[in-house]
Each structure stands twice: as C-alpha cells, then as structure tokens.
Protein chains: 4
Amino acid sequence: MSEIETIQAYYAASLGKDGRITRTQRQILAAALDLFSEKGYEEVGTREIAERAGVAEGTLFHNFVNKNGILDAIMQPIVKNILPTMLNTLDQAVLDKDSDTLESFVVALVQDRVDFVARNQASLAVILSQFFNNAADRAAVLGMVSPTILAQANQAMDRLKAAGELVDWPNRMILQLVFSTLGGYVVEKVLYPQVDRLTSQQATRYLSDFLVNGLNPRRIPLHVDETSF
Amino acid sequence: MSEIETIQAYYAASLGKDGRITRTQRQILAAALDLFSEKGYEEVGTREIAERAGVAEGTLFHNFVNKNGILDAIMQPIVKNILPTMLNTLDQAVLDKDSDTLESFVVALVQDRVDFVARNQASLAVILSQFFNNAADRAAVLGMVSPTILAQANQAMDRLKAAGELVDWPNRMILQLVFSTLGGYVVEKVLYPQVDRLTSQQATRYLSDFLVNGLNPRRIPLHVDETSF
Amino acid sequence: MSEIETIQAYYAASLGKDGRITRTQRQILAAALDLFSEKGYEEVGTREIAERAGVAEGTLFHNFVNKNGILDAIMQPIVKNILPTMLNTLDQAVLDKDSDTLESFVVALVQDRVDFVARNQASLAVILSQFFNNAADRAAVLGMVSPTILAQANQAMDRLKAAGELVDWPNRMILQLVFSTLGGYVVEKVLYPQVDRLTSQQATRYLSDFLVNGLNPRRIPLHVDETSF
Amino acid sequence: MSEIETIQAYYAASLGKDGRITRTQRQILAAALDLFSEKGYEEVGTREIAERAGVAEGTLFHNFVNKNGILDAIMQPIVKNILPTMLNTLDQAVLDKDSDTLESFVVALVQDRVDFVARNQASLAVILSQFFNNAADRAAVLGMVSPTILAQANQAMDRLKAAGELVDWPNRMILQLVFSTLGGYVVEKVLYPQVDRLTSQQATRYLSDFLVNGLNPRRIPLHVDETSF
DNA sequence: TATGAATGAGATTTCATTCAT
DNA sequence: GATGAATGAAATCTCATTCAT
C-alpha cells in the first residue's frame, strides 16, 4: 500500500496473459497471507514465504516487484472492494426513498459486512494490523473514504434526523459509533477466528438492533453541554 | 511485553537509587514513545532513538536490556494500570448494591476510561499497534483479563438482566459491544489526537447514552434464532 | 562443536546437491582455517574471513549458520575421524592376539597418529586452541572417548601387564604418559609447522622407542608409597 | 603479556606505597583468575570481573591500565618464576659435577615442577589457555627460554650422552619428550583439578622413572635412518 | 519462467574504556 | 581512591533484492 502506484503494477508483468493470476502467484499469496496474518508483516521473511509457498526466493520477485508488493496484492482486493461496496450501500440508502427508517438504514449497513468478515478473516487480520502499524497504509485505507462519500453519509444522516429517525448528535460521533460497532465485530472475528458462536445472521441481528436502539432519537433529549464547543 | 519477566528488570539495574526513573531514561523513553507512536516499533531503529534522545546508542542498552525493553517500559505502566483500574471499577459495580441500574453501571465503566485515553494518547497508540501486530503482546494484554474478572463481569451482567435493566443477550455479545464502543473511542482519539472536538465530559455522555439505549431490555424481544446454537 | 547438534546442520542447507562442499564453502573454510590457526577464533572477525575468502560477509551466513558454524565445519572432520580411527586401532590391538608385545601395541598407537598430524597441522592448531579455551569444545573432544573405549584400553593394558610386557603402574598414569608423548609431538608440530627436522617415519621411531622403554616392566620395581591412597 | 612493557606498569601507579598489592587489587585479581580459568579470557567481561570482585567497573581501570593488564598481572608472577626457577635448576645440574647421572638430572627437573603445578593450577590454566590462543603470549612465554638457557641445556645433555647416561638422540627431540611428559602432567592437573589420585611425591616418582627409562641409552641402538636428514 | 547463491547495507547488541562526581 | 553512567567503535547476523544459469 505504502507508496501506492499503478495498482496492478505490483503484480509484475507476469499476470497470465489473460490478466488472471497464475498458479505460482496464488501459491505465494496464500503462503504470505497465512504468515502475515499469523505473525505480522515485519516478522515474516521472504525466505519463509518462499519456503511455505514451495518456490524459490527469487520467484517472489519475479512475480511481485517487492515484498511490499505481495502485501499490497493481499490488501488491495479487499480495500478496493469492501469500501466501494460499503459506500455503494450508503448511496442506495440515500437515494432509496423507501429506506427512510433507521432500521432499514442500519441493516443495510450491517448486513453484508458481517458476511464479508466471515469470508475474509485472514486478509482482514493483515489489513487491521497494517492499519495500526503503518501510517501510509492507514492513509491508503482512509483515503478511500472520499469527500463525496462523506457528504453522502452526512446527507443520509441529516435526512434521518429530520425524519425523527436518528438521534440528534453530531454526525461525526454517530459515524464513530457505527464504525466502532462494526469494527469491534471485525476485531473479534479476526482475532478469534475459531470461536464461532454465532451465525452471520444472528450477529447481524444483534449488531443492528444494538445500533438501532443506541441511535434512536431520545424521547427525553440527552443534555450535553454544548457551550464549551 | 513479549516474554514478561520481572517487570522492573526491563529497566536495567540502573533506576535512580531511589527507584525513580533517571533523566537519561526519561529522555530515551520520550524519544522512543514519539518514534514508536509515529512510525511503529519495527520501523524505528535504535540509532534513531538514541539520536532523538540525544544520547549514544550504547546508552540505550546501558539503561534498558533491549530494544524490546524500551517498548515494555512504555507499555507496562499502562497495561499495569488501565486494566487493573478498569477491573476495579467492575468490582465496585458488582458489589455496590446501589448501582443497580444499567446507567450507573455503564457510566462507571465509561467515565474514567475517557479521561485516561485523553491523557495517554501516545502510549495507547503504541499499545494498540502492538496489540494488532504481535501475538505475544496481544496475549499479554488479554491475559490480564483473568477468569475471576470475567466471572465478576458475568455476575454483574446477570444481576442487571435479572433486575430487568439489561437486554437478555449472551454476555459475550454484550461485552463485545461495550468494548467496541470504548475501543472505537480509543482508536479515534489515538489516530487523530489533534482533532479535539469534544470534551471528555461530552464524550462520556455520548458513549454512555449510546450504550445504555443500545443495551436496554427490549420491550418487544428481538427474535434471534437460537436453534442453531 | 559447542552445542553439538545435527552435525551437517552447520553447513546450511546449501551443500552442493551431491552433498559435496561447494567452491565458495571451500574458500571460506580455507580462509577461516588460515586466520583461526594464526590468530585464534575470538580474534578473527567475520568481515576478515569474508575478505580473505573473497566473498561478501553475508555469504558466510548463507553457507554456515554461524561464525561458530564455520569453526565446527573445520573441527568436525578431524574430531569425527582422528578419535574413531585411533580407537579403532586400540580395538584391533586388543583383539589381535598376535600383538601381545608392548612394542607392537605402542607402534600401532603411534604409527598413524604421526602421519595424521603432519597432514592436518592447521586444523589441529585450531582444535588445540579451542580445546584449551572453551569448556564446551573440550567436553566435545573428550566426550568422544566413550566408556567402552576406556574399558577396552584398560583391558589391553591389563593383558600386557599380565604378560609381563607393561610396567605395573595405574592405568590412568600410563594413559597419561602415552597421551603426553603423543600430545607433545602434536604441539611441537602445530606450533612450529615450518621446522621440519624429522620425517614421519623417524618421529614414529623415536616416540615409540621412548614409550616402549619408558613403560617396560621394571626389573627392580619402583617403590611408590601407595599407603596414602 | 601481549605487548609487554615495563612489567610493573600493569599495576598502575596504585600499588600500595610500599609496592605491595592492595586489598582491592587482590580482590580483582582473585575474581579475574577464577573467571579466566573457568571460561577463558575472551569470554569474561570487565563488568563480570568487577561484579565478582565487588568493586565498580571503573575501579578495574584505576588499578590496572587494561583488561589485558589484569591478565598480565596474573600471568607474570608465574612466567617470571617458573621458568627462571626451572632454568636455574638446569644451571645447577650442569655445574654440579656430582649430578652426573640421568636420574639425578631428571629428578632435579621434575621434582619442584610437580609441587609448583599443584599450588598454581588456576594460574596455569590461564597461561595454558593463553599459550595456545594468543601468538603474542606464546612468544612471551617461549621468549623466556633464552639462547643461553638453551645452550646450557644442550651442554648438559651432551655431557650426559658422553657419560653414557643419556640416549644418543637429537637434543631437540629429547627436550621435546621431557617437556611433553611434564606438560602432560600440567594439563591433566589443570583440566581436572578435583581428581587427585596421586600425591606430589608419587607423581614425581612416576614421571621421573618414566623419563629415566625412556631416555636411558639403548643397549641395542635404535636404528633410525638418518640419511634423510 | 524459475532458481538460489551471492550480495551488502543496516540492524541490534556488546564491551572495554573514559571521566565527572 | 572509587564510582558507575555514558560512550561509540566494532562485532555478529538478517534480509530484501539481484542476477547468472
């Protein structure tokens, strides 16, 4: 991620002619994903990756410009998909005049995220780790939340507030709470992949219900002293 | 943290005679804290730390057994304080028969955490980073949540449920939601220390209120299919 | 030697495919042997070895796990050969009923050792140095004199004594004298490799004759006060 | 030893005013002797010596110019005494017209050496180790065998040969055998100080008798092919 | 395309020695 | 005289990367 360039350049010139990933590349990525998610990027050597992948060390550099290139090849598909998808959801929730309840909004948000997490635990572990460890990677992840997206999100929240569907708090705080709840689920899933108590469906319900109730407009408004703002 | 031993052993034998930290050690720790929180432990070299601290490289090792010893000297005070304090709060909340509302419970939980985070952003950045990057450090942090503590927490939640103060969800899920909400606040504070929109008091109110509403018992119980458990 | 493990592990995974030593490894070992025997193991740096071998410093560690691994690669062939061979000789001298004179016994002992020393002066210099400098290496060398071997040696000496061929002294003392005589020759050869006054054949004769006469049974027994034992 | 300069310079200006060794110096030397003989000079750090001596690290350098100065302070008394004494013995044996038998010569040689070894095991262990590990120290030890001494020794051997008391072998070989026998005893004593089977008196007898018999003139002269000399 | 031996910059750590107190 | 914190050169070793085969 760090020093993002033309994205596919990280797969060297060697993507199968049809642009598809080769068998060797798949082996390397699988080995690297295993190791990175287990020990952290910095702790894994290229020798180790090559060994686990069953290829020579040089082969890594034939297929990916860099050790970092391998990391990017792991992170990109996620970062290029999860956020766009997520944002797309918001987009719909904004445009879709029918989804004008907090619940429909929240469920749309939570729904697919939970499934996604279940399917991509290992990659998410790597991304999570990098997010907290590398300023550049963090910027790359956050950079995908474009201003337009933020504007859309704010628009959606404002509309829900106007409709009396959402508590009247600062949008930034609401966003933080939503992301915390989702993020906490990701962390739990990613750090303890084996402990699988809940189905995706159940998790979705708990998270959604928690958010809906937590963000309902208050009958008796909370007194927050705003004078000090 | 990794390989925790006699705690103070990480400060070499050279703590000031009165057991206090020396000026040199403070310089080193300050420099290291800056750099670690900025670039991540692995990215910082001992040469760099020494330079920023204004001491010779050897001085690092005269004062701390290891590069890792410096990291531990940064993390330990936090890990040895935040969790014990937090757990102490739970303890009281459990014993204090007066605090039998969800609100009193949640407020007790959120209250001091928020202040603490404000005062220790840099150290928390380092701990956060290590938590997601190093299995051993993660274990060290989590290891401090002893079974007794968990038992206490479960006891408190059960009591609140019995009193009709807490939604009837699995304790583990409730805990996850509480920690998510708190953790999200930590992350926000730690990653964007400069953006200070809310006072500690305001933050405490938002978080508490969100949790209280989110975890209130439902009038109409949520239907979660438990048959598949 | 120190911390003996799987023997060939000290050559990294990189022995030529046919299990033979590579050219690079030979260069490194030659350079190291030169330097170690000249200045002693501790006094020689890896940089120095690499320079003399005409390779990069990293290449040392690509081919041998350790600096110590290089030392072991030098010592092992000797230690794994000289003692086994020597002991094998004893074995035969014990079993061979014809060699029932002190002379045949001694000659069998001295014979090949002298040639061996002439051919391996440099390596022996290193081993000698390590033997007196490193308790672990000393143990490794001595450890190869297994109890069975000792038993055999004692058996041989007892038989010779019974046959009136060997002076009736404690076996331990006899062994010490034999090893002293051989060892002294080694030391002389190893410390002054250039001064070559005697052929191997001549040296063998002197040493053998000295031992035979020195260890002949006495006509008039030596009075040693054994009461104080 | 290495780089021998004014001998007493190694005890810094700080010998007690009366030229005697101070208490602190004795502590340091005792600690260093222990450690050097146990682990070898190179393996012992100044920090370690200071700790065991119960003084500060700086104190070492107040009392001895160098780490090497400590080593020399340990070796010198021995090297300055054992060899001179030994040589003195030779001197007497040469001049003393009464000692004209091989036995009296050999006994004079062996006699005190054995006692000396018993009393100075630790120091000898250090000297032995240095002798084989450090060319400079080896030179220092050997350098004390001055040409005059050698001349004297040769003279003594020649006289004994003429008197029909000593086998007619090259003097150099005879010397080697004598030193081997003595050296072997030293090594045995020094490497296994605890195993004390023989009294000094007994050892003296065995060694002397072995040498006398080994070096007796042969009735039937040994045939050594001298043509190749 | 794949290999893997070779590279060398850089990292951490040790350690004898200095010097202000 | 003794101290011990500070020093910084040097040592060993790692590791991503290159390149001839």
Side-chain angles (χ1 to χ4, degrees), chain A residues 12-14 22-25 42-51 54-70, chain B residues 12-14 16-17 22-25 28 42-50 54-70, chain C residues 12-14 16-17 22-25 28 42-50 54-70, chain D residues 12-14 16 22-25 42 44-51 54-70:
Chain A
S14 53
T22 66
R23 182 170 139 70
T24 304
Q25 286 167 339
E42 298 281 359
E43 290 303 310
V44 177
T46 50
R47 158 123 48 160
E48 206 176 355
I49 298 173
E51 254 164 31
V55 300
E57 219 175 338
T59 305
L60 301 188
F61 296 87
H62 242 278
N63 285 277
F64 303 89
V65 274
N66 257 342
K67 183 190 171 191
N68 208 358
I70 300 175
Chain B
S14 53
K17 331 227 142 147
T22 65
R23 183 172 137 68
T24 305
Q25 285 168 339
I28 293 170
E42 300 281 0
E43 289 304 311
V44 177
T46 51
R47 161 127 33 163
E48 206 175 356
I49 299 173
V55 300
E57 216 173 340
T59 304
L60 301 189
F61 297 89
H62 189 69
N63 284 277
F64 301 90
V65 273
N66 258 346
K67 184 190 170 190
N68 207 359
I70 301 175
Chain C
S14 53
K17 332 228 142 150
T22 65
R23 184 173 136 68
T24 305
Q25 284 168 340
I28 292 170
E42 300 281 0
E43 289 304 311
V44 177
T46 50
R47 160 125 38 161
E48 206 175 356
I49 300 173
V55 300
E57 214 172 342
T59 305
L60 301 189
F61 299 91
H62 188 69
N63 283 278
F64 301 89
V65 272
N66 257 348
K67 183 189 170 190
N68 207 358
I70 301 176
Chain D
S14 53
T22 66
R23 183 172 137 68
T24 303
Q25 285 167 340
E42 298 282 0
V44 177
T46 50
R47 157 120 49 160
E48 205 176 355
I49 299 173
E51 254 164 31
V55 301
E57 218 174 340
T59 306
L60 301 188
F61 297 88
H62 241 280
N63 285 276
F64 303 88
V65 274
N66 258 342
K67 183 191 172 190
N68 208 0
I70 301 175

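Each chain gets a letter, A, B and so on, in the order its sequence line appears, and its residues count up from 1. All values reported here derive from a predicted model rather than from experimental measurement.
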Quick one: is E/dA16 close enough that its OP1 or OP2 comes under 4.0 Å of any side-chain N or O from D/T46? yes
Rounded to whole angstroms, how far apart are CD on D/E42 and P on E/dA16? 9 Å
Counting only side-chain N and O atoms of C/N66, is one of them less than 4.0 Å from OP1 or OP2 of F/dT12? no
Any idea which of E/dT3, F/dA6, F/dA2 is nearest the D/N63 side chain? F/dA2
State which of F/dT7, E/dT3, E/dT18 makes the closest approach to the side chain of B/H62. F/dT7
Name the residue closer to the 5' end of DNA chain F, choosing between D/E57 and C/K67 according to the nucleotide with the nearest heavy atom. D/E57
Touch class at under 4.0 angstrom, heavy-atom based, for C/G58 against every strand present: base
Atom CD of D/E51 to atom C1' of F/dT3: distance rounded to whole Å? 14 Å
For F/dT21, the nucleotide meeting Watson-Crick or G-U wobble distances (both under 3.5 Å) is E/dA2
D/R47 CZ to E/dT14 C1': how many Å, rounded? 9 Å
From the list F/dA6, E/dA2, F/dT12, which nucleotide is the closest neighbour of the side chain of A/T24? E/dA2
From the candidates E/dT7, E/dA2, E/dT17, the one with an atom nearest any side-chain atom of A/T59 is E/dA2
